[in-house]
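Order of the sequence lines sets the chain letters (A, B, ...), proteins ahead of strands, with each chain counted from 1. Small disclaimer: the values here were computed from a predicted structure and weren't measured.
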2 protein chains.
Amino acid sequence: MVTTSEYKTLQELFGAPEPPKNGRERLVHAAIEFIYVHGFQALGVDQILARTGVSKTTFYKHFESRDDLLIAAIQTRDQWEMTSFNAAVQKLAKDDPRAQLLAIFDVLDFWFNSPDYHGCQFINAASEFPNPHDPVHVVAADRKRKSRDEFRNLAVAAGIVEPETFADQYTALVEGTLVMRQIHGRNDAAKIIKSAVETLLVQRLPPPSESVAQR
Amino acid sequence: MVTTSEYKTLQELFGAPEPPKNGRERLVHAAIEFIYVHGFQALGVDQILARTGVSKTTFYKHFESRDDLLIAAIQTRDQWEMTSFNAAVQKLAKDDPRAQLLAIFDVLDFWFNSPDYHGCQFINAASEFPNPHDPVHVVAADRKRKSRDEFRNLAVAAGIVEPETFADQYTALVEGTLVMRQIHGRNDAAKIIKSAVETLLVQRLPPPSESVAQR
DNA sequence: CGTCAAGGTGTACCACAAGTACACCCCGGG
DNA sequence: CCCGGGGTGTACTTGTGGTACACCTTGACG
């Protein structure tokens with residue numbers, strides 16, 4: 001098992017999103033930053049204009065409406081976060097699927113203890129836009145289902161029995177870990193839940209193949 | 001284990017909140033209903049006034065502001081939901097703590113498959129008001145932490161080893177189940193995750209006492 | 001009976017944010 | 001040269017949270 005101590009900051013694991021350039025990208029970038037801290041509904045058009053120095057006319061040339069900006073923001077965030085997170089897991093656990101299923105919680109632990117953690121953007125988004133047909137909700141729900149499918153693929157690759165059921169239970173633990181960190185305020189959540197994952201893993205790993213030396 | 005088939009509807013398990021009477025209660029009641037479906041930010045003062053037939057002047061005699069109504073709404077919902085849920089668990093599992101830890105997922109399953117399920121109000125609230133000092137967020141976070149403590153108490157009563165760790169893992173599974181139902185759209189979540197709870201339980205139940213040790 | 005307070009109504013109004021209309025600027029490439 | 005893409009500024013409309021003020025109804029009680 002790769003020890004995570006060689007990585008000190010989340011930046012090293014995640015990298016930073018590209019700095020903004022033209023008007024539209026400046027707006028989306030500023031929106032992402034603001035929304036992640038204060039939520040979607042708190043974002044005011046005038047506020048984001050003052051913050052970026054873009055004029056209102058320019059804004060409405062790039063976006064049909066305020067909602068249009070919100071959609072662009074979560075889509076961009078989705079792209080960035082998915083690639084960053086997967087890259088971080090890859091750094092810690094290479095291509096070993098079983099190690100990756102555990103390393104995911106190490107990455108979560110890093111993330112949880114970074115100073116600018118403000119919860120899972122997609123849980124927030126789906127809660128703020130409860131209508132399942134709202135475009136923002138759709139992006140968030142798709143992201144969640146894709147994550148669950150990636151977990152299933154890892155489970156299959158790791159040779160876990162009943163990978164679908166395992167994927168559901170593993171996903172629930174991940175989501176629950178996010179909620180415990182964000183709402184319960186437990187920033188040790190990832191460390192503690194990781195042991196539950198190990199319990200589920202050993203129960204589902206059929207042959208005692210000593211191939212993956214764990215510990 | 002109590003089979004749940006004797007209960008057909010969530011109403012039987014939960015009961016209904018008391019019908020509204022005077023102006024203030026009508027407003028709070030209508031707000032709760034609306035918020036649970038559409039979210040906090042979607043609630044407009046004029047809308048709720050039209051819906052209840054209360055005048056704006058009356059509204060502002062009862063509440064300092066719109067936010068004040070939101071706070072009253074989530075507090076009232078908190079009271080009602082906690083007592084209803086606990087009563088439902090009691091109906092299914094009497095006073096057997098181990099059975100209660102499993103029955104909680106049976107109640108969740110009922111709830112998930114009722115037509116008017118719209119997610120966990122408190123996850124929604126904390127997401128819509130991400131500022132940890134916001135009054136609405138505080139109510140939601142307190143509710144979550146209290147639930148976790150109730151789970152810990154059940155674990156202690158059930159004689160589970162390391163009840164604190166178990167409570168954290170159990171809580172994560174509950175929260176994860178809620179998220180999977182609400183965002184992933186998996187209304188079979190409670191059934192599937194229940195088996196993970198059983199796995200954690202058998203691992204933590206120390207003596208193979210053939211009958212559940214009851215008080 | 002008279003009166004007074006609690007709780008309710010209606011209308012007009014202010015402040016602020018989303019979104020529109022219109023006139024204008026600058027600059028690089030056919 | 002001039003034309004279109006991208007940018008600016010100002011003034012406006014509209015909707016909604018919140019206020020001010022004048023008024024109505026009911027029931028307890030001296």
Show me the donor-acceptor pairs within less than 3.5 Å that the side chains of residues 44-51 of chain A make with the rest of the protein, sequence neighbours left out.
residue	atom	partner	partner atom	Å
A:Asp46	OD1	A:Lys56	NZ	3.3

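Ion pairing between a basic and an acidic side chain is recognised when a charged N comes within 4.0 Å of a carboxylate O; B:Arg152 and B:Asp168 show no such pairing. For the pair B:Asp142 and B:Arg145, the salt-bridge criterion is met [side-chain N within less than 4.0 Å of a carboxylate O].
For a distance-only test at 3.5 Å, the side chain of B:Lys56 fails to qualify as a donor-acceptor partner of the base of C:dG10. Residue-to-nucleotide contacts include a donor-acceptor pair under 3.5 Å from the side chain of B:Lys61 to the base of C:dG8.
Rounded to an integer number of Å, the gap from CZ of B:Phe63 to C1' of C:dG7 is 14 Å. Distance B:Glu64 CD to D:dT19 C1': 14 Å, rounded to the nearest Å. Note: CD1 (B:Ile48) to P (D:dT16) measures 14 Å, nearest angstrom. The distance between atom CG of B:Leu49 and atom C1' of D:dG15, rounded to the nearest whole Å, is 15 Å. Between the CZ atom of B:Phe59 and the C1' atom of D:dT19 there is a distance of 13 Å, given to the nearest Å. In this structure, A:Leu27 atom CG and D:dT8 atom C1' are separated by 14 Å, rounded to whole Å. Rounded to whole Å, atom C1' of C:dA17 lies 14 Å from atom CD of A:Gln41. Between B:Tyr60 atom OH and C:dC14 atom P the separation is 17 Å, expressed in whole Å.
Counting only distance, with no hydrogens or angles, the side chain of B:Glu128 and the backbone of A:Glu128 share no donor-acceptor pair below 3.5 Å.
In terms of phosphate contacts, B:Thr58 brings a side-chain nitrogen or oxygen within less than 4.0 Å of OP1 or OP2 of C:dT9. Within the structure, a side-chain polar atom (N or O) of A:Ser55 is placed less than 4.0 Å from OP1 or OP2 of D:dT8.
For A:Thr57 and A:Asp46, each mapped to the nucleotide of DNA chain C holding its nearest heavy atom, the one lying further toward the 5' end belongs to A:Asp46.
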